[in-house]
Amino acid sequence: MGKASAFLVDDLQGNIPNGLVSKSKGRETAINIGNKTYVIGATEKEAASTVEIQIFDKSTGEWAIPTVLGTKPKPSKGHSAVVLDEGRILVIKGNSTSDDCFWFLEVNTVFVRERKLRLGTEVVAWSKGVVGEAKKPVVISGPSGVGKGTLISKLMEDFPSMFGFSVSHTTRAPRNNEQNGVHYHFTERSVMEKDIENGKFLEFAAVHGNLYGTSIEAVEEVTDRGKRCILDIDVQGARSVRASSLEAIFIFICPPSFEELEKRLRSRGTETEEQIQKRLQNAKAELEQGKSPRLFDHILVNNDLQTCYEDLKKLLGLSNGVKTTEISVPELVHMPLEHTVSKIDQKILINCSAPEQEKLATNMFVLDLSSIKGGAPGRTRGLNIYGAEPSINDIIRPNMPS
Ligand SMILES: Nc1nc2c(ncn2[C@@H]2O[C@H](COP(=O)(O)OP(=O)(O)O)[C@@H](O)[C@H]2O)c(=O)[nH]1
Ligand SMILES: Nc1ncnc2c1ncn2[C@@H]1O[C@H](COP(=O)(O)OP(=O)(O)O)[C@@H](O)[C@H]1O
């Protein structure tokens, strides 16, 4: 609590009407939502190089420095900001490209509220916006030895540009054929526990006596490459992801019989007898949980591998026999330092024109947020940006904030 001395915002104290689009004032912006003003700005210290948030509570006249979750944007020379709804502010960084210029500051979402309760402080969370089609991530669960890895490998081989594997962390030892950073990030338990405590994981669980977890970064890394993320995680993990903002498709893989599962696990030859026994024991509970109502969207029986693979492809909307090698990588749009933003429903109009060029309307963009998915923790996917027609410009300009 105290004075926000690092900021140069002079129009606080209730002068900004709720929900008003803020024009970039340089390095700091004040946005009102309800009783609170969120001040977004870079610190005076260039070396610190982070975007800081301070909250002014108009009802108490107090300042608060919130706990900031998520990867923070690197500061740019200026930004603009607009209230999207009661829970989120869109921050557009000037002088940057569309792969790094749209950031969502969540101030009152389910995730933020839950963390507020847990931490007992003010909380805000950053989530970078990713332009492109937002195909839902795919969560694949099932008992050890059922064939999850085999099915995922086939999918990744056939559609290398479409899918990306979320590389989990684990405390178990690598198998002979496993590479660190490719199959898993093999980690010390103490390191992983610390990272969990520091909120770096989307989910984690103790499985067969080891810790396994999906870091937020693992999912972000795939999303940033414009790919559809595949998560191979256990049933507990699936439950956690269900409760998160990820909005995935959940698929449970079943063996044709328990005997066949045991046979596959043994023939893989990667576990000791003791480990096989543990995995078989756990498989019973996992198969039971796989039937939990509303946890999995689809259950596939992996009897004949090829049949199961075809069924999986069908579920993922991959038509028979089509091998897609192309993904449409969205063209980068450059956002100049000088720009103004305004909001109409789920569309954000970004005017990059210098005033004397405004009539040309060559630098107007529409950022369409109607199909966005996800959010903190992790990326906000499915942003669509395109050039605006002059007619839209004409309709909008009378309402632009000065
Ligand atoms: N919750 C969770 N489970 C994971 C994660 N990564 C792998 N698992 C699960 O941990 C279990 C054991 O995986 P692994 O040791 O590779 O053995 P395998 O399933 O027999 O190949 C499997 O059920 C995986 O789906 C993760 O990040 N989170
Ligand atoms: N439909 C199937 N029929 C026969 N064997 C299979 C089938 N699917 C997978 N396997 C084999 O079963 C073993 C376990 O498969 P794997 O993909 O490692 O399972 P998981 O990742 O679920 O632990 C592997 O040796 C794999 O080649």
Side-chain angles (χ1 to χ4, degrees), residues 137-157 165-187 192 195-196 200-219 221-222 229-244 246 248 250-272 275-287 289-290 295-296 300-312:
V138 184
V139 170
I140 297 190
S141 290
S144 183
V146 74
K148 303 179 296 295
T150 308
L151 289 162
I152 293 171
S153 296
K154 277 173 84 64
L155 206 56
M156 304 272 293
E157 243 172 72
F165 186 63
S166 155
V167 181
S168 293
H169 283 65
T170 181
T171 60
R172 88 148 157 76
R175 293 173 187 151
N176 280 340
N177 62 337
E178 286 179 330
Q179 273 174 276
N180 191 25
V182 176
H183 300 91
Y184 281 106
H185 297 288
F186 296 99
T187 317
M192 191 161 164
D195 284 348
I196 289 171
K200 291 192 180 167
F201 282 82
L202 181 66
E203 63 75 31
F204 62 91
V207 193
H208 316 317
N210 282 298
L211 266 188
Y212 292 79
T214 309
S215 69
I216 294 165
E217 203 178 324
V219 177
E221 195 263 330
V222 176
C229 192
I230 302 185
L231 292 86
D232 173 348
I233 59 175
D234 87 315
V235 179
Q236 306 166 75
R239 214 178 282 283
S240 304
V241 174
R242 231 333 162 206
S244 81
L246 201 66
F250 294 78
I251 301 171
F252 188 79
I253 314 287
C254 269
S257 68
F258 202 78
E259 291 68 36
E260 174 64 18
L261 183 70
E262 180 166 0
K263 203 172 113 200
R264 285 182 197 174
L265 203 46
R266 285 187 191 288
S267 66
R268 191 171 67 184
T270 49
E271 270 75 31
T272 62
Q275 286 164 342
I276 289 174
Q277 288 306 330
K278 189 178 256 181
R279 280 160 191 265
L280 287 174
Q281 192 55 39
N282 291 341
K284 289 180 187 146
E286 285 167 328
L287 288 169
Q289 289 177 49
L295 179 52
F296 290 97
L300 290 180
V301 179
N302 182 17
N303 189 3
D304 172 64
L305 181 62
Q306 197 52 34
T307 309
C308 185
Y309 179 56
E310 292 302 326
D311 289 344
L312 177 63

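Whatever order the structure lists them in is the order used to number ligands and atoms, beginning at 1.
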Against heavy atoms of [X], which atoms of ligand 1 measure under 4.0 Å?
{"X": "Arg268", "value": "18 (P), 20 (O), 21 (O)"}
{"X": "Gly213", "value": "26 (C), 27 (O), 28 (N)"}
{"X": "Val207", "value": "10 (O), 11 (C)"}
{"X": "Arg172", "value": "14 (P), 15 (O), 16 (O)"}

Task: Ring-ring centroid check His169 Phe201, cutoff 6.0 Å - done: yes
Does some non-hydrogen atom of [X] fall short of 4.0 Å from ligand 1?
{"X": "His183", "answer": "no"}
{"X": "His169", "answer": "no"}
{"X": "Lys148", "answer": "yes"}
{"X": "Gln275", "answer": "no"}
{"X": "Gly149", "answer": "no"}

Open item on the list: Please determine whether the number of non-hydrogen atoms from other residues, nucleotides or ligands lying under 6.0 Å from atom CZ of Phe204 exceeds 12.
Closed with: no
Task: Atom NZ of Lys154 with >12 non-hydrogen neighbours under 6.0 angstrom - done: yes
Task: Interfacing atoms of ligand 2 (cut-off 4.0 Å, heavy-atom, Gly149) - done: 17 (O), 20 (P), 21 (O)
- [ ] Run the numbers for me: atoms of ligand 2, each under 4.0 Å from some heavy atom of Ser144, listed by number.
- [x] 23 (O)
salt_bridge([X], [Y]) N-O dist < 4.0 Å:
{"X": "Glu259", "Y": "Lys263", "answer": "no"}
{"X": "Arg172", "Y": "Glu178", "answer": "yes"}
{"X": "Glu271", "Y": "Lys278", "answer": "no"}

Looking at ligand 2, does [X] have a heavy atom less than 4.0 Å from it?
{"X": "Gly145", "result": "yes"}
{"X": "Pro143", "result": "yes"}
{"X": "Asn303", "result": "yes"}

Task: ligand 2 to Glu260 polar contact by distance, N or O atoms, under 3.5 Å - done: no
Write down the atom of [X], the atom of [Y], and the distance for their closest heavy-atom approach.
{"X": "Val167", "Y": "Val182", "value": "CG2-O, 3.5 Å"}
{"X": "Glu203", "Y": "Ser240", "value": "CB-CB, 3.5 Å"}
{"X": "Tyr184", "Y": "Asn180", "value": "O-OD1, 3.3 Å"}
{"X": "Ile233", "Y": "Gly237", "value": "CD1-C, 3.5 Å"}
{"X": "Asn302", "Y": "Pro256", "value": "O-CD, 3.2 Å"}
{"X": "Phe252", "Y": "Val235", "value": "CE1-CG2, 3.8 Å"}

Below a 4.0 angstrom heavy-atom separation, can you tell me which part of [X], side chain or backbone, both or neither, approaches ligand 1?
{"X": "His185", "answer": "neither"}
{"X": "Gln236", "answer": "neither"}
{"X": "Arg279", "answer": "side chain"}

Of the choices [options], which has the non-hydrogen atom that lies closest to [atom]?
{"atom": "atom 4 (C) of ligand 2", "options": "Lys148, Lys154, Arg264", "value": "Arg264"}
{"atom": "atom 1 (N) of ligand 1", "options": "Asp234, Val167, Asp232, Thr150", "value": "Asp234"}
{"atom": "atom 17 (O) of ligand 2", "options": "Thr150, Asp304, Leu265", "value": "Thr150"}
{"atom": "atom 1 (N) of ligand 2", "options": "Asn302, Ile152, Leu261", "value": "Asn302"}

Task: Minimum-distance protein heavy atom relative to atom 14 (P) of ligand 1 - done: Tyr184 OH, 3.4 Å
Task: Donor + acceptor pair across side chains of Asp304, Gln306 (<3.5 Å) - done: no
